[in-house]
Number of protein chains: 2
Amino acid sequence: MTNKPPIDLSGGFACPIPKSEYENILLAHGSGGKLTHQLIEKMFLPQFKNKLLEPLHDGAVFTVGKQKFAFTTDSYVVHPIFFPGGNIGELAVNGTVNDLAMCGANPVYLSAGFIIEEGLPVDDLWKIVLSMQEAVKRAGIMLVTGDTKVVDRGKGDKIFINTSGIGIIENGVEISPKKIKVGDKIIVSGEIALHGIAIMSVREGIEFETEIKSDTAPLNKLVQKMLDAGNIHVLRDPTRGGVATTLNELAEQSKLGILIEEESVPIPDDVRGACEILGLDPLYIANEGKLLAFVSPKESAKVLSAMREHPLGKHSAIIGEVVDEHHGTVVMKSRIGGTRVVDMLTGEQLPRIC
Amino acid sequence: MTNKPPIDLSGGFACPIPKSEYENILLAHGSGGKLTHQLIEKMFLPQFKNKLLEPLHDGAVFTVGKQKFAFTTDSYVVHPIFFPGGNIGELAVNGTVNDLAMCGANPVYLSAGFIIEEGLPVDDLWKIVLSMQEAVKRAGIMLVTGDTKVVDRGKGDKIFINTSGIGIIENGVEISPKKIKVGDKIIVSGEIALHGIAIMSVREGIEFETEIKSDTAPLNKLVQKMLDAGNIHVLRDPTRGGVATTLNELAEQSKLGILIEEESVPIPDDVRGACEILGLDPLYIANEGKLLAFVSPKESAKVLSAMREHPLGKHSAIIGEVVDEHHGTVVMKSRIGGTRVVDMLTGEQLPRIC
């Protein structure tokens with residue numbers, strides 16, 4: 001008897017990540033940063049290569065008949081499962097709703113796949129289910145199919161939740177990094193780094209003067225307002241890896257430069273303080289209820305004011321623009337006038353943040 | 001600071017599974033048997049109640065414009081991840097392809113969500129990815145979106161994979177337990193219990209005379225042949241909990257009786273021998289490349305012969321029929337003429353089989 005996989009690994013099928021580099025998967029392969037990108041670009045993309053996967057957006061966009069759809073998936077492994085401002089259940093619903101919204105889609109149907117560790121209190125599962133239903137209602141979608149698996153004690157961590165979702169894209173809406181142009185204004189929909197700091201504070205047992213709560217929220221209705229207000233080039237939710245990683249991805253994909261003004265980035269004082277204590281850079285910290293939008297300079301005022309009318313966008317701000325310099329790179333102008341390159345995250349600043 | 005979830009659990013929102021019954025989640029809650037059904041019926045269904053979820057099929061069926069779609073999700077936690085006849089990657093692709101096919105849908109798009117335990121050899125991931133791509137090609141579908149998370153060593157088990165899928169249902173196709181009628185013939189597409197015994201043999205380190213291999217395979221093309229041949233009332237793939245559990249679900253949903261003839265059920269001799277050694281009943285053992293079909297007696301010969309023409313259906317057989325007796329119950333007529341009730345699985349015969 002053998003348990004070798006039925007695949008010939010000789011010849012052209014050698015693993016594309018050489019052993020000398022990484023023999024085993026590291027936490028950083030899941031950080032959303034450089035190692036995640038290496039996995040995707042060297043391993044997943046060449047194998048599964050197809051025109052829908054290639055854009056590497058938050059979701060795939062496909063057409064049936066004349067109707068455009070978006071389809072996305074995300075697994076949530078956040079630790080701890082209950083945190084200030086939310087829990088893994090609503091995070092899983094909001095996260096997938098947001099990924100669909102970032103494709104310009106109106107989210108409609110959601111699936112939920114639970115992987116539960118033996119021994120999870122049934123009461124905890126119940127709290128998670130209740131808050132998922134709250135989130136489903138808030139986003140105005142339907143959870144239509146699911147699956148439950150249980151793994152032995154010590155082979156999981158309380159609960160992991162996968163949500164996949166389907167959204168409908170209205171005629172004429174097209175959100176794509178290909179639409180990014182020099183001069184585009186970059187808008188963030190509110191204060192950043194809340195989710196990551198909320199998680200970190202529980203995990204490290206740190207108490208701040210005010211409780212910092214996760215910003216987990218469904219952005220689909222805010223996006224609808226934005227699409228009604230003007231022509232949006234790109235939407236992204238800066239989750240794992242934060243604003244810095246998302247902007248780096250977009251700089252790379254558009255082959256243009258991105259210039260950010262440090263003093264325009266909305267960071268609450270308590271978050272700034274927490275970041276200083278923890279030695280973290282808020283630009284790299286995960287958000288779960290914020291988006292970045294790239295909009296032409298002509299449309300930016302209109303879009304910004306529409307965003308500020310929505311409760312989830314009231315602290316929206318223009319934080320920078322697309323420039324025809326330092327192509328593929330994100331540069332930040334500091335308060336005192338200097339500039340520095342804002343690189344993509346290499347290691348793992350905050351594992352299991354979502 | 002508090003990590004209490006923001007939900008009032010007092011009043012009408014008490015957990016519907018009382019502590020006196022099960023305080024913690026057990027492995028059996030993931031078996032596909034009675035405890036899984038209790039979770040679904042007491043906890044998930046009342047909360048997420050909607051007309052698409054309620055049929056509790058292998059997937060949800062929805063309509064956009066005039067086009068019907070199926071949408072399904074499954075997480076795979078099989079242990080070990082490499083087993084005779086396959087690995088977790090192709091199992092994850094085939095499983096979701098099959099769930100869509102069981103809705104009468106033509107599977108088109110797949111998502112993949114990986115939860116990897118830190119320390120998984122990169123080579124193992126590569127083998128899994130290669131075999132997923134083989135499976136994607138064999139089924140004729142596209143993997144269009146994905147997600148990768150990494151959890152700390154000891155907080156996962158090598159790799160878990162969620163796949164969700166979207167399929168297109170042709171005009172006029174309707175597969176539903178509501179269509180089950182007294183007299184319907186029950187067809188199985190081939191020899192049963194192979195997947196479960198293949199997993200069990202590696203896990204227990206048992207060697208049989210011949211290697212028993214998992215039957216993991218995509219059934220969508222077989223289903224297409226069946227739909228072309230005749231009017232199919234119901235399709236189900238008897239995975240977790242095996243043929244017995246699937247038939248019990250259908251007896252319950254249709255409120256009719258199911259009568260199975262023991263000697264008609266195709267069980268290979270080596271599987272039968274292995275089951276005797278392990279003290280297992282093949283009717284409860286998981287299959288990953290077999291289906292059960294309910295077909296009117298008039299159409300059954302046509303459908304059966306179409307099935308036998310396909311390589312994945314060549315051992316198809318009629319194993320029983322729907323009767324107007326013992327409603328909601330599955331009864332088996334033994335070789336020597338006696339009858340016994342075939343109940344739903346209560347405990348966990350084979351945890352983490354898929």
Side-chain angles (χ1 to χ4, degrees), chain A residues 1 3 5 7 15 17 22 24-25 27 29-30 36 39 43 47-48 50 52-53 59-60 64-65 67 71-75 77 82-83 87 109 111 113 115-116 118-123 126-127 129-131 133 142-145 147-151 155 157 160 162 164 166 202 207 211 352, chain B residues 1 3 5 7 15 17 22-25 27 29-30 39 43 47-48 50 52-53 59-60 64-65 67 71-75 77 82-83 87 109 111 113 115-116 118-123 126-127 129-131 133 142-151 155 157 160 162 164 166 202 207 211:
Chain A
M1 186 164 305
N3 57 8
I7 286 170
C15 179
I17 298 175
Y22 299 105
N24 297 313
I25 294 291
L27 276 174
H29 280 109
T36 308
L39 262 193
M43 195 176 273
Q47 275 309 305
F48 298 121
N50 63 59
L52 299 186
L53 181 63
V64 176
Q67 183 62 62
F71 178 35
T72 186
T73 193
D74 244 325
S75 297
V77 299
F82 296 106
F83 48 80
N87 68 49
Y109 299 121
S111 68
I115 299 176
I116 305 174
E118 184 188 8
L120 178 78
V122 171
D123 260 356
W126 179 235
K127 288 173 202 166
V129 166
L130 282 179
S131 76
Q133 175 54 10
M142 278 161 88
L143 196 158
V144 295
T145 191
D147 173 57
T148 308
K149 293 288 173 0
V150 180
V151 296
K155 299 294 183 185
D157 196 10
F160 303 142
N162 176 283
S164 301
I166 299 174
V202 201
E207 292 202 26
E211 187 185 50
R352 296 182 58 191
Chain B
M1 185 163 305
N3 59 8
I7 287 170
C15 178
I17 298 175
Y22 299 104
E23 190 160 348
N24 298 313
I25 295 292
L27 276 174
H29 280 108
L39 264 194
M43 194 174 276
Q47 276 307 307
F48 299 121
N50 63 58
L52 299 187
L53 182 63
V64 176
Q67 183 63 61
F71 178 34
T72 187
T73 193
D74 244 325
S75 297
V77 299
F82 296 107
F83 47 81
N87 69 49
Y109 299 122
S111 68
I115 299 176
I116 305 174
E118 184 188 7
L120 178 78
V122 171
D123 260 355
W126 179 235
K127 287 173 202 168
V129 166
L130 283 180
S131 76
Q133 175 53 10
M142 276 161 87
L143 196 157
V144 294
T145 189
D147 173 57
T148 307
K149 294 285 172 3
V150 181
V151 297
K155 300 293 183 184
D157 195 9
F160 302 142
N162 175 284
S164 300
I166 298 174
V202 200
E207 293 203 26
E211 186 185 49

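Chain naming here is simple, since letters A, B, ... match the order of the sequence lines and numbering starts at 1 in each.
Highest contact tally toward chain B, considering only A:Gly113, A:Ala60, A:Ser111, is held by A:Ser111 [criterion: heavy-atom pairs under 4.5 Å]. Options B:Val122, B:Leu53, B:Asp74, B:Leu52 differ in how many heavy-atom pairs under 4.5 Å they form with chain A, and the most are formed by B:Val122. Taking chain B as the reference chain and counting heavy-atom pairs below 4.5 Å, the highest number among A:Thr145, A:Val77, A:Thr72, A:Leu39 is found for A:Thr145.
Only the side chain of B:Val64 comes within contact range of chain A, with heavy atoms under 4.5 Å apart. For A:Phe160, the part lying near chain B is the side chain, with the backbone staying farther off; criterion is any non-hydrogen pair under 4.5 Å. Residue B:Glu23 touches chain A through its backbone alone, counting heavy-atom pairs closer than 4.5 Å.
The shortest side-chain heavy-atom distance between B:His29 and A:Ile116 does not fall under the 4.5 Å cut-off. B:Val151 has its side chain out of reach of A:Asp157: every pair of non-hydrogen atoms, C-beta onward, lies at least 4.5 Å apart.
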Query raised in the report: Please walk me through it: do B:Lys155 and A:Arg352 pass side-chain contact (heavy atoms from CB on, under 4.5 Å)?
Result: CA-CA 11 Å; B:Lys155 300 293 183 184; A:Arg352 296 182 58 191; 3.7 Å; yes
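Every residue meeting the side-chain contact (heavy atoms from CB on, under 4.5 Å) condition with B:Ser75, not counting sequence neighbours, appears here in chain and number order: A:Ile115, A:Asp147, A:Lys149, B:Asn162. Residues forming a ring-ring contact (aromatic ring centres under 6.0 Å, His included) with B:Tyr109 (at least two apart in sequence, or on another chain): A:Phe62.
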